[in-house]
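Everything on this sheet refers to the single structure shown next.
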Amino acid sequence: MTSSNTTRSRIKVLYVVESFSTGVYSIIKDIACNLDPDQFELLILYSLRDDSPKNPEADFQYEHITLQYVPMGSLKDYIPAVKTIRNVIKKYQPDCIHVHSSKAGFLGRLAAKGLQKKVLYSPHGFSFLRTDVSALKRWIFFQLEFWICRYLPSKIIAVSEGEYKHALRITKNSIVINNFIDLTMFQKEDNRQSEMIVTCGRITAARNPALFNSIAKKLPNHTFMWVGDGPQRDEINAPNITVTGLLPRTDAVKYVKNACIYVQTSLWEGMPVSVLEAMAAGKPVVASNIVGNRDLIDDGITGYLCDSSSSDQFAERINKLLSSEELRITLGANARLYVEAHHDVQKAIAAYQANYKSM
């Protein structure tokens, strides 16, 4: 137990998180639980989604971490959430506020206005990069990002080089801390190989389930699996696709470890944790050529990048990998080495801690 004198001297960080699920949840958990408890204490204000863990408290059982539930998911929650966040800021008096994802980024900065607090913002995928909405909506999303950053100036922490380039359109006060992975979860000797072609994540427009379904139909003699669930599950009807439903992260990781090939059909990303996990497991990845994915995949070296509108191109690359075990092993080994060099958890934690201290 840390002494009261030490506790008072620790840097107090407030997280505001609306998207407390999937990859954002994993990143936040790994940052929070790896912060030095002698130097930092952390209060996390979080909202829940339908695919959020049922018992998030179990993942944050550390003396330096406190969780507080604040609904932020729907329009009716916004004004009460801003009021609650503002009251928490006044009471907790954090040294630094770190808001995560677009919605919490907007609400958290509204709440912090006039309270003289330093704010960091991690988009985890800018909303104006969405391709399931009109050009007008994307323009509106960009304007919201641009003007909230002027209403309450904040430092943007991009999770990939691609996201960083877009962050600079909003503010020059931007940096990159690449998303990361705890490599101890992916010991090489644990990685077996089935014939399964796997993807992992929430079944939403962002993940482009229609494309995944089309790819599976073009390869009817091979078995596909979607590890997860979501509102667009009905778009998956190919007979050779199994949908697991929502699973704990540890169970989802087992399917990734046992995959033959990992596929990522996303339409937009920040930097996908699921792809990092597949690469850490030594799997060749076939992914859409978008921001986030192309920050990780070196085409033909650690995997393949494909046009997100071309199921034929995906099927061709998958067939190429299926026909050569040597190619799968080579690309998978290259992927693992790349993650070890550029996306290790300890390097990222050191960067986050340095930023919190500098605020």
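Positions are given from 1 along the sequence.
- With a 6.0 Å radius and a threshold of 12 heavy atoms from other residues, nucleotides or ligands, Lys113 has its NZ atom above the threshold.
- In this structure, Phe20 and Phe60 have parallel ring planes: the angle between them is below the 30° cut-off, well short of the 60° mark.
- Pairing each heavy atom of Arg109 with each of Leu152, the nearest pair is O-CD2, 3.3 Å.
- Between His98 and Tyr356, the ring centre distance stays below 6.0 Å.
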Apply side-chain hydrogen bond (donor to acceptor under 3.5 Å, both in side chains) to Glu145 and Ser102, showing your working. CA-CA 8 Å; Glu145 292 278 10; Ser102 297; 3.2 Å; yes

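- Under the 4.5 Å side-chain heavy-atom criterion for Ile, Leu, Val, Met, Phe, Trp and Tyr, Ile215 and Leu305 are members of distinct hydrophobic clusters.
- A donor-acceptor distance shorter than 3.5 angstrom exists from the side chain of Trp226 to the backbone of Gly201, with no hydrogens or angles considered.
- Screening Phe142, Trp139, Phe141, Trp268 against Phe128 for a ring pair (Phe, Tyr, Trp, His ring centres under 6.0 Å) leaves a single residue, Phe142.
- In terms of modelled atom types and a separation under 3.5 Å, the side chain of Asp30 and the main chain of Val345 share no donor-acceptor contact.
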Dump the intermediate steps for side-chain hydrogen bond (donor to acceptor under 3.5 Å, both in side chains) on Ser308 and Ser288, then the final yes or no. CA-CA 5 Å; Ser308 58; Ser288 49; 5.8 Å; no

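- Relative orientation of the His124 and His100 rings is parallel, given thresholds of 30° and 60° on the angle between their planes.
- Linking Ile, Leu, Val, Met, Phe, Trp and Tyr residues whenever their side-chain heavy atoms come within less than 4.5 Å places Ile241 and Leu211 in a single cluster.
- The hydrophobic clustering, which links ILVMFWY residues whose side-chain heavy atoms are closer than 4.5 Å, places Val13 and Val17 together.
- Ile203 is connected to Val263 through a chain of hydrophobic side-chain contacts under 4.5 Å among Ile, Leu, Val, Met, Phe, Trp and Tyr, so both are in one cluster.
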